[in-house]
Amino acid sequence: MTDLPNSLRTGPDEQGHFGAFGGRYVAETLMPLILDLEREYRAAQVDNAFRAEFDDLLKNYVGRPSPLWLAQRLTDHLGGAKIYLKREDLNHTGAHKINNCIGQILLAKRMGKTRIIAETGAGQHGVATATVAALFGLPCTIFMGAVDVARQQPNVFRMKLLGAEVVAVESGAKTLKDAMNEALRHWVANVHDTFYIIGTVAGPHPYPELVRDFQSVIGDEAKAQILEAEGRLPDMLIAPVGGGSNAIGLFHPFLDDTGVEIVGVEAAGEGLDGKHAASLAGGRPGILHGNKTYLLQDEDGQITEAHSISAGLDYPGIGPEHSWLHDIGRVRYEPVTDAEALASFQKLTKLEGIIPALESAHAIAAAERIAPTLGKDKIIIVNCSGRGDKDIFTVADALGVKL
Amino acid sequence: MTRFASAFAKGPALIAFITAGDGDTAANLDALVAGGADVIELGMPFTDPMADGPAIQAANLRSLAKGTTTGDIFAMAAAFRHRHPDVPLVLMGYANPMTARGADWFAAECAKAGVDGVICVDIPSEEDAELGPSLRAAGVDLIRLATPTTDPARLPAVLDGAGGFLYYVSVAGITGLQQAAQASIEEAVARLKAATDLPVAVGFGVRTPEQAAEIAKTADGVVVGSAFVDIIAAHGDGAAPHLEAFTRTLADAIHRAKEIAA
Ligand SMILES: Cc1ncc(COP(=O)(O)O)c(C=O)c1O
């Protein structure tokens, strides 16, 4: 199928812009490398061997396709629309992050780069990157905010077991955005041999595009699976949005299907009046980490700290394509608080025997809110972007349980 | 003649960088001028200074912790212009604080405060539309950066729309850490001077009078930043006399370099 002239799937433009968002706001030192990466990605896109290797690794290493599970007990409990879960939690390493890492490490290999770096918040992207670096035998350094290192110890140990060096970033607020700053600083000084595997659909062009493309396997599979199960497209998609990679991966193949309503879920933390990480609901456009997008910031353009119980959503920005989809109204973004996510984390675990990541629990919470308002003949697909084993300490802590 | 043109006409220039709002900025700026700095670069603090090393990162955070606002920075700039009518003043910083109220607003404030030029670290020539047209319309020079990775194919785009001087970032890296090999600097400066009539200044990793003098033999200007910022970190509000003394050693070395070379 070719894209229609008015397709929403043709972005970004040649300069990497999605409407007013995106672009390449990087230091001059990085600019030639970004252009190089784009050239190499364009070549890889039309190289059947690249595609074949990517597909093979997704199938035999990651374990794709991931199932589309009809959550019957959750559906019955809510008494409205039928809820399907896209089971990204069943991927190797336990989240959608690995899809993108496989794609980028193949690009790194193609470009002859010999060292890998990445930023991580929750540690999921760090673990996925350390995993592919181990698989390809490349040395790997992961930058992680010191605050996140303290609250995600199991993932820190996993990364070290996988052979990665983990650098605790002490600058700024010591969370994900500072990890990304530090990764960019390291990259600027090591551009000749280092490939930076960015973990979400952010950063300078072409990252938002290529991460989206690698994650679109989620939506491509979901579309085929729902057509097989139900003989029709779903009425609604719901996914959590940190930077927005799992969400755009599910959404993108459906953007031109006008009958499909699309909902992205932002982390509202303590509530939109308190500390939160909802850049669309509480931010305005600005420039950070190589792209123009909605950001949490003050009047002077200083970035304000995000907060979410979910480390993977604890970021003051959002991928530029989401900013565009928000502005044109194709995707609706809804906030979900820490408390709502915690409740849904427990509910899904008890009703379906699936412990979701706290990130994914935000999407479940939105589904709980919306499903009862829709008829039983309606169908919702929720992205279960990861599994919650990494979060049991955070959840125990929030529930006042000592482990 | 513009302030830049007269500053560079006197021979190799010392371009001194400090972060606005870190320590007693007015006293520190006066000390830099008294010590012989030819051009002042005033850093606009940002929460996320991606291109800066530990010293300038810390200066950014110290300044923001004291509550420095964009309005404060323009007030410092305007007061500096009043005290020093002839010394070129450059604002250096990141895109988000510069564009937060719109590029036109920022450019107009620069012009009003007597700012001669602006360096924006994270707006490469590809994204010039974000800030460049507004600055040029307001008569403020946009100072562009060239780096060791700027190949000959890119250089014309980097120079297109550039003003003031060309800032050669001598190392692929962040501020304050490494120092580049002298031979690579000489080669790069020669290449850049062949491509532009703008003065070429060299910065990143320059800390000592000896290094500065070497660079001044070929370049039109030498930028020193982290070494000044370290002095402010060590001496806080009492940094001015220390800054002045250190500036003098750098300025003497740089201003003498051409005579020795000749
Ligand atoms: C399971 C899971 N879901 C979602 C996210 C948020 O990232 P993104 O919005 O890029 O999918 C993360 C990030 O760490 C994650 O681990």
Side-chain angles (χ1 to χ4, degrees), chain A residues 14-17 20 22-36 38 169-173 177-194 203-205 284-293 295-305 316-317, chain B residues 44-54 57-58 60-61 63-64 67-73 93-101 106 119-127 129-131 144-151 153-155 157-158 167-169 171-175 177-178 204:
Chain A
E14 272 185 25
Q15 305 300 314
H17 294 120
R24 293 177 280 215
Y25 297 89
V26 294
E28 171 62 23
T29 312
L30 287 179
M31 203 57 222
L33 195 80
I34 299 283
L35 294 172
D36 222 30
E38 187 184 352
V169 176
E170 297 285 351
S171 61
K177 83 175 167 72
D178 310 286
M180 193 147 181
N181 290 336
E182 205 58 32
L184 285 166
R185 288 181 188 117
H186 183 90
W187 197 28
V188 166
N190 296 277
V191 283
H192 55 288
D193 66 351
T194 299
H205 177 66
R284 58 191 171 82
I287 296 165
L288 182 70
H289 294 153
N291 66 91
K292 185 191 276 190
T293 194
L295 299 171
L296 299 180
Q297 56 182 316
D298 71 11
E299 284 189 327
D300 278 344
Q302 305 295 349
I303 306 304
T304 48
E305 261 168 61
Chain B
M44 294 179 67
F46 182 42
T47 41
D48 295 80
M50 272 118 39
D52 285 299
Q57 283 177 45
N60 278 266
L61 292 183
S63 174
L64 291 173
T68 307
T69 66
T70 301
D72 295 338
I73 295 165
Y94 293 83
N96 205 48
M98 289 185 178
T99 57
R101 291 180 177 83
F106 181 76
I119 302 174
C120 184
V121 175
D122 52 348
I123 298 188
S125 52
E126 278 78 359
E127 302 290 352
E130 201 62 48
L131 189 60
R144 285 267 175 69
L145 304 161
T147 72
T149 60
T150 307
D151 53 43
R154 277 187 64 68
L155 191 54
V158 169
Y167 186 150
Y168 179 63
V169 172
V171 287
I174 52 178
T175 54
L177 299 178
Q178 316 89 329
F204 275 47

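Chain A is the first sequence line, chain B the second, and so forth, proteins listed ahead of strands; every chain is numbered from 1. Only a predicted model underlies this, so the values are computations on that prediction, with no experimental measurement involved.
- Both the backbone and the side chain of B/P49 come within contact range of chain A, with heavy atoms under 4.5 Å apart.
- Using a 4.0 Å cut-off between a side-chain N of Lys or Arg and a carboxylate O of Asp or Glu, B/E130 and A/K292 qualify as a salt bridge.
- The distance from atom OG1 of B/T149 to atom CG of A/L30, rounded to the nearest 0.5 Å, is 7.5 Å.
- Expressed to the nearest 0.5 Å, how far CG of A/D298 lies from OG1 of B/T70 amounts to 8.0 Å.
- With respect to chain A, the highest number of heavy-atom pairs below 4.5 Å among B/G53, B/A100, B/G71 belongs to B/A100.
- Chosen from B/I123, B/N60, B/T150, the residue pairing most often with chain A at heavy-atom distances under 4.5 Å is B/T150.
- Note on A/H186, A/Q15, A/E299: by heavy-atom pairs under 4.5 Å with chain B, the leading option is A/E299.
- Looking only at distances, no side-chain donor or acceptor of A/Q297 sits under 3.5 Å from a matching main-chain atom of B/P97.
- Remark: side-chain polar atoms of A/T29 are not paired, donor with acceptor, to backbone N or O of B/A172 under 3.5 angstrom.
- For chain B, no part of A/L33 is nearby; none of its heavy atoms comes within less than 4.5 Å.
- Side chain of B/D122 to main chain of A/Y25: no donor-acceptor pair is present (N/O by atom type, distance under 3.5 Å, no hydrogens or angles).
- Separating the CE atom in A/M180 from the CE atom in B/M50 is a distance of 9.0 Å, to the nearest 0.5 Å.
- Distance check, rounded to the nearest 0.5 Å: CE of A/M31 to CD of B/E127 gives 7.5 Å.
- Here A/H17 is the residue among A/E182, A/H17, A/H192 with the most heavy-atom pairs under 4.5 Å with chain B.
- Interatomic distance, A/R185 CZ to B/Q57 CD, rounded to the nearest 0.5 Å: 3.5 Å.
- The backbone N or O of A/I287 sits less than 3.5 Å from a side-chain atom of B/N96, completing a donor-acceptor pair.
- No other option in B/D48, B/D151, B/L61 has as many heavy-atom pairs under 4.5 Å with chain A as B/D48.
- When heavy atoms are compared at a cutoff of 4.5 Å, B/D52 approaches chain A solely by way of its backbone atoms N, CA, C and O.
- Salt bridge A/E28/B/R144: absent, no basic N to carboxylate O contact under 4.0 Å.
- One finds a salt bridge joining B/R101 and A/D300 here, because a Lys/Arg side-chain nitrogen approaches an Asp/Glu carboxylate oxygen to under 4.0 Å.
- Using a 4.5 Å cut-off between heavy atoms, A/L288 touches chain B through its side chain atoms alone.
- Taking B/T69, B/T99, B/T47 one by one and counting their heavy-atom pairs under 4.5 Å with chain A, the maximum is reached by B/T47.
- For the atom pair CD1 (B/I174) and CG (A/L184), the distance works out to 11.0 Å, reported to the nearest 0.5 Å.
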